[in-house]
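Every chain is numbered from 1 and lettered A, B, ... according to where its sequence line falls, protein lines coming before strand lines.
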2 protein chains.
Amino acid sequence: MHTKDKILAEAMELFAQFGYKGASVRKIAAKVGIRESAIYNHFTNKEEIFQSVASTIFTTPFSDTKESAMLSERAKGGKKFLSSFIVQYKLVTFDKKKEHLFRIMMIELLQNKRLRESFMSEYHEKNSKLISQAFFIMMQEDLIRSGDPMVMANEFLAPLFYLRLQVTLLRIDEHSTAALSTQFEKHVDFFWESIAL
Amino acid sequence: MHTKDKILAEAMELFAQFGYKGASVRKIAAKVGIRESAIYNHFTNKEEIFQSVASTIFTTPFSDTKESAMLSERAKGGKKFLSSFIVQYKLVTFDKKKEHLFRIMMIELLQNKRLRESFMSEYHEKNSKLISQAFFIMMQEDLIRSGDPMVMANEFLAPLFYLRLQVTLLRIDEHSTAALSTQFEKHVDFFWESIAL
DNA sequence: AGCTGATATTAACAACTGTTCATATATAGT
DNA sequence: ACTATATATGAACAGTTGTTAATATCAGCT
């Protein structure tokens, strides 16, 4: 099964670089060091390779149930909770493998219906719900001003997504992301000042 | 020149649907109603067709100098200014042609270096600078709390971008965008409450 | 040693790609 | 009516694509 894993790893890199169409079966095989026909001993399709790679895209921070169970406790930390979320988000943003998966997502998002649906349910809604629950708790604890927790969650998450996209774009061309790196913290500071009581 | 315009129009639709690689010269020619070889009487390259389409992508609201000159006056309107910006942004988001161009941008952003550079300079920086200038003026007028105008601008713009992306994704699958449509106004309301004195 | 199953290779296929060429058609100016 | 120009066609090119078939290699099991 060593070969199968290598196929997936090299396919991931090529999909991230050239997209689904641009990453040909021959290119993948060449990077693995085998002929293209040998690929079909491990996967029935090019599509199956892609699905296998794409299925690992949506693994969000705080996704496991243990962390979710502790949410109500953690949310009472107020700004501390948001800061720790940002730390997680930053780690994901600058992780090389996750970065490749994010690139694949971005490239195929407008071309692949399944990916769009996963993005909406696994990424957007999952994060929105989690963060909005945290804000709801913070409101009950009178840590923050009242308002629609869902709106608040989107206001908190959208700048993170936009930052991640910018980081990804800069890194493709090997530009420095130092200036952007500090903006994550600036975002929490600004946001907390916006909602804190 | 009627044919040339039709080529550009049909190419735009196909690029928005299938991306650069997926939109073949033959597909474009077929939609126009001519053979693929006839295309080359109007353009030397497939690349030239794409560049011709792509060059029209970055036409931002408030881009003309007349409006910019009035900025300091308009910014003094405070929330009114932000609301009018949102109206413009919403119009652009739901405009069919602009939507197609936005899709092309999103698809090719991670594949095309020129597009990335244009996105950064023509879209991101241009909007950031304009809005941050407005916030700077509002600070001087004591309409809003003090802070880094650039950070504020990004916090204001990022949710708009994220909303636009969501709208675009939903419309590809012909889902309703009614719920999202109202979020533009909710964003201004939330944001103004966050910064108003 | 011989068999079996997994995995590799070589070769080929039909379809599609961007582009070019020689040639035809149609339009407009003299 | 004749000519020049712009635009169309049909056919062909060389290269790439995903996939398949027949065959070879190599491991472990009996």
Look at the side chain of N41(A) against the base of dA6(C) and say whether a donor-acceptor pair falls under 3.5 Å; ignore hydrogens and angles.
no
Distance under 6.0 Å and angle within 45° of ring axis: K126(A) vs F58(A):
no
Taking T177(A) for its side chain and L180(A) for its backbone only, find out whether a donor-acceptor pair lies under 3.5 Å.
no
Any T3(A) side-chain N or O less than 4.0 Å from OP1/OP2 of dT7(C):
no
Set out, line by line, the N/O atom pairs under 3.5 Å between protein and nucleotides 26-28 of chain D.
none

Are OP1 or OP2 of dA8(D) and a side-chain N or O of H42(B) less than 4.0 angstrom apart?
yes
Please state how far atom CD1 in I34(B) lies from atom P in dA6(D), giving the value in whole angstrom units.
17 Å
Can you say whether the rings of F191(B) and F135(B) are parallel (under 30°), tilted (30 to 60°) or perpendicular (over 60°)?
tilted
Annotated protein contacts, base or backbone, on nucleotides 13-27 of chain C with a non-hydrogen cut-off under 4.0 Å, one of B, S, - each:
----BBBBB------
Take atom CD1 of I7(A) and atom C1' of dA8(C), then tell me their distance rounded to the nearest Å.
11 Å
For residues 28-39 of chain B, run the donor-acceptor check on the side chains, cut-off 3.5 Å, and write out each pair with its distance to 0.1 Å, sequence neighbours left out.
residue	atom	partner	partner atom	Å
K31(B)	NZ	E10(B)	OE1	3.4
K31(B)	NZ	E13(B)	OE1	3.4
E36(B)	OE2	R26(B)	NE	3.4

Can you list everything that forms a ring-ring contact (aromatic ring centres under 6.0 Å, His included) with H124(B)? Sequence neighbours excluded, please.
Y162(A)
Applying ring-ring contact (aromatic ring centres under 6.0 Å, His included), name anything that partners F50(B), two or more places apart in sequence or on another chain.
F15(B), Y20(B)
Roughly how many Å is it from CZ in F15(A) to C1' in dG18(D), rounded to a whole number?
12 Å
Whether over 12 other heavy atoms sit under 6.0 Å from F136(B) CZ
no
Using a 4.0 Å heavy-atom cut-off across all strands, classify R35(B) as base, sugar-phosphate, or nothing.
sugar-phosphate
Between dA8(D) atom P and H2(B) atom NE2, what is the distance in whole Å?
11 Å
Using the ring of each side chain (for Trp, its six-membered ring), is F119(A) parallel, tilted or perpendicular to Y123(A), with breaks at 30° and 60°?
parallel
Write out all pairs satisfying salt bridge (charged side-chain N to carboxylate O under 4.0 Å, His left out) with one or both partners inside residues 174-193 of chain B, taking only residues at least two apart or from two chains.
R145(A)-E193(B), K79(B)-D189(B), K90(B)-E185(B)
